[in-house]
Structure formats: structure tokens, C-alpha cells
Amino acid sequence: MKISKQGIEFIKKLEGCVKINGKHIIYDDATGKPVLNTSFLPKGATIGYGHLIKAGEDFGQGLSEAQATDLLIKDINDTESVINTLVKVRLLQNQYDALVALVYNIGTRGFKKSTILKYINNSNYKSSTYNSAELAWKAWNKYCGRISYGLTKRRNAEWLLFSCGVY
């Protein structure tokens with residue numbers, strides 16, 4: 001499967017971005033604040049729609065909207081590859097889009113071992129920790145071990161898309 005255009009817009013809305021004068025600029029993912037000194041990037045330096053900057057990448061000049069969208073789609077391709085390999089059941093488009101949004105945010109490593117993957121692949125799965133797929137999904141709401149209001153809100157939006165198709 002591939003993410004829909006609606007799914008891409010959904011992720012853009014969830015991820016947010018930081019722009020100055022119409023250009024996407026580097027920001028600290030933890031705080032959402034712009035990183036104005038690009039010669040030293042903090043851990044979690046991000047640009048566009050949630051792209052964590054890797055060693056050797058230079059975004060000091062910022063990105064146009066088209067470049068930020070292209071970068072998001074490239075990052076999503078990696079996420080989709082993992083989902084399409086690990087998910088063994090047929091998903092509706094809204095479910096797939098929601099799952100891409102989740103995995104894009106939590107990372108593929110976490111998803112590979114997650115209870116949510118077990119629930120998706122086996123409708124009869126029972127977890128001793130989470131009584132439902134919804135609870136397993138929404139458990140991914142912590143940052144540095146603490147419940148995050150932003151992540152709680154995001155997981156609720158993703159679950160609403162997954163379970164009800166509400167973008």
C-alpha cells in the first residue's frame with residue numbers, strides 16, 4: 001500500500017513545522033523553537049515535517065514547501081517499507097494512513113516489537129498489558145518517560161483516523 005494524499009496532509013498537520021519568511025527552518029523537536037545557529041545543532045534538530053537531521057545533512061539555507069514535502073515523502077517511503085513487510089492483514093486506506101503516521105513518529109524499531117503490531121496482525125491477540133488495540137496504540141504517548149499532552153493528542157487523532165476514518 002501507499003499513503004494517500006490525505007494521509008500526507010494528516011501527517012503534516014500532526015508534525016507541524018517552523019517557518020520564517022515562508023521557508024522551513026531547523027528547529028528543536030523537543031521545544032519547537034527555531035535553531036538560529038546552524039553551526040551547532042542540538043540533539044533532535046529537525047526540519048520540515050518531522051525530519052530528524054542526520055550527520056552530514058546541511059539544511060542551513062532552509063527548505064521551500066515543495067522541498068519539505070518531498071523530504072517528508074522520502075522519509076515516509078522508509079516507514080511504508082517496514083509497515084508493508086510487517087503487517088500481514090489487509091488494511092483500509094484510512095487505517096494504513098493512520099499507521100504510517102504512528103510509525104513515522106515512534107520509529108520503525110519500536111513498531112517492530114510493539115503490541116499494536118500484534119493486535120493488527122491478529123484480531124484474537126490478547127495482551128496482559130493492554131486490553132485492546134486502542135490502549136496499545138495510545139500507550140505511545142510518552143516523551144522521556146513522561147506522558148506528553150502533545151503525544152496524547154496525536155495518538156487520539158491517529159486512533160480516530162484508524163478506527164473511524166476521520167482525517
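Not measured: the values here are computed from a predicted model.
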Checking Thr79 against Ile3 for the side chain to side chain contact (heavy atoms under 4.5 Å, CB included) test, could you report, in this order, the C-alpha distance in whole Å, the side-chain angles of both residues, the deciding distance, and whether it holds? CA-CA 10 Å; Thr79 301; Ile3 193 165; over 6 Å; no
Testing the basics here: between [X] and [Y], what is the closest heavy-atom pair and its distance to 0.1 Å?
X	Y	answer
Leu99	Leu91	CD2-CD1, 3.9 Å
Val18	Gly32	CG2-O, 3.4 Å
Tyr96	Glu80	OH-CG, 3.1 Å
Ala68	Gly48	CB-CA, 4.0 Å

Rounded at 0.5 Å granularity, tell me how far [atom1] in [X] sits from [atom2] in [Y].
X	Y	atom1	atom2	result
Ile26	Thr46	CD1	OG1	9.5 Å
Leu117	Leu86	CG	CG	5.5 Å
Gln95	Cys164	CD	SG	10.5 Å
His24	Ser64	NE2	OG	7.5 Å
Thr38	Ile25	OG1	CD1	10.0 Å
Lys5	Ile73	NZ	CD1	9.0 Å

So if you build clusters from Ile, Leu, Val, Met, Phe, Trp, Tyr with side-chain heavy-atom gaps below 4.5 Å, do [X] and [Y] land together?
X	Y	answer
Val100	Met1	yes
Leu102	Phe10	no
Tyr49	Ile8	yes
Val103	Val89	yes
Trp140	Ile120	yes

Pair listing, ring pair (Phe, Tyr, Trp, His ring centres under 6.0 Å) test, anchored in [range], at least two apart:
range	result
residues 101-136	Tyr119-Tyr125
residues 147-167	Trp137-Trp159, Trp137-Phe162, Trp159-Phe162
residues 52-92	His51-Phe59

So for atom NZ, which belongs to Lys153, do other residues, nucleotides or ligands contribute more than 12 heavy atoms lying within a distance under 6.0 Å?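 Count not over threshold, so no.
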Is the number of heavy atoms from other residues, nucleotides or ligands under 6.0 Å of Lys13 NZ greater than 12?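 It does not: Lys13 NZ has 12 such atoms or fewer within range.
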Does any pair with a residue in residues 39-62 pass salt bridge (Lys or Arg N to Asp or Glu O under 4.0 Å), and if so which ones, sequence neighbours excluded?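 Qualifying pairs: none.
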Please list all pairs meeting salt bridge (Lys or Arg N to Asp or Glu O under 4.0 Å) that have one or both residues in residues 116-137, counting only residues at least two apart or in different chains.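 Pairs touching residues 116-137 that pass the test: Glu134-Lys138.
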CA sep, side-chain torsions, deciding dist, call: Leu14, Asn105, side chain to side chain contact (heavy atoms under 4.5 Å, CB included): CA-CA 10 Å; Leu14 292 176; Asn105 185 249; over 6 Å; no
Under 4.5 Å side-chain linkage, directly or through intermediates, the cluster mates of Phe40: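 In the cluster with Phe40 there is nothing else; it is isolated.
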If you group Ile, Leu, Val, Met, Phe, Trp and Tyr whenever their side-chain heavy atoms sit less than 4.5 Å apart, what else falls in with Leu151?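 Its cluster partners, ordered by chain and number, are Tyr143.
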With sequence neighbours left out, what residues match Ser39 under side-chain hydrogen bond (donor to acceptor under 3.5 Å, both in side chains)?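 Partners of Ser39 under the side-chain hydrogen bond (donor to acceptor under 3.5 Å, both in side chains) test: Asn37.
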Listed partners of Lys19 passing salt bridge (Lys or Arg N to Asp or Glu O under 4.0 Å), at least two apart: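 Lys19: salt bridge (Lys or Arg N to Asp or Glu O under 4.0 Å) contacts with Glu65.
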Which residues satisfy the salt bridge (Lys or Arg N to Asp or Glu O under 4.0 Å) test with Arg154, sequence neighbours excluded?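 If we apply the salt bridge (Lys or Arg N to Asp or Glu O under 4.0 Å) test to Arg154, skipping adjacent residues, the hits are Glu15, Glu158.
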Set of residues satisfying side chain to side chain contact (heavy atoms under 4.5 Å, CB included) with respect to Asp78, sequence neighbours excluded: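 Not a single residue meets the side chain to side chain contact (heavy atoms under 4.5 Å, CB included) criterion with Asp78.
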Not counting sequence neighbours, which residues clear side chain to side chain contact (heavy atoms under 4.5 Å, CB included) with Cys144? List them please.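 For Cys144 there are no side chain to side chain contact (heavy atoms under 4.5 Å, CB included) partners, ignoring immediate neighbours.
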Just so I know, are the side chains of [X] and [Y] near enough to count as touching, which here means a heavy-atom distance under 4.5 Å?
X	Y	result
Leu72	Ile76	yes
Ile47	Leu71	yes
Ile106	Arg155	yes
Asn121	Val87	yes
Thr129	Thr115	no

So does Leu161 get a backbone contact from the side chain of Asp97, meaning a donor-acceptor N/O pair under 3.5 Å?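 No; judged by distance alone, with no hydrogens or angles, the pair does not exist.
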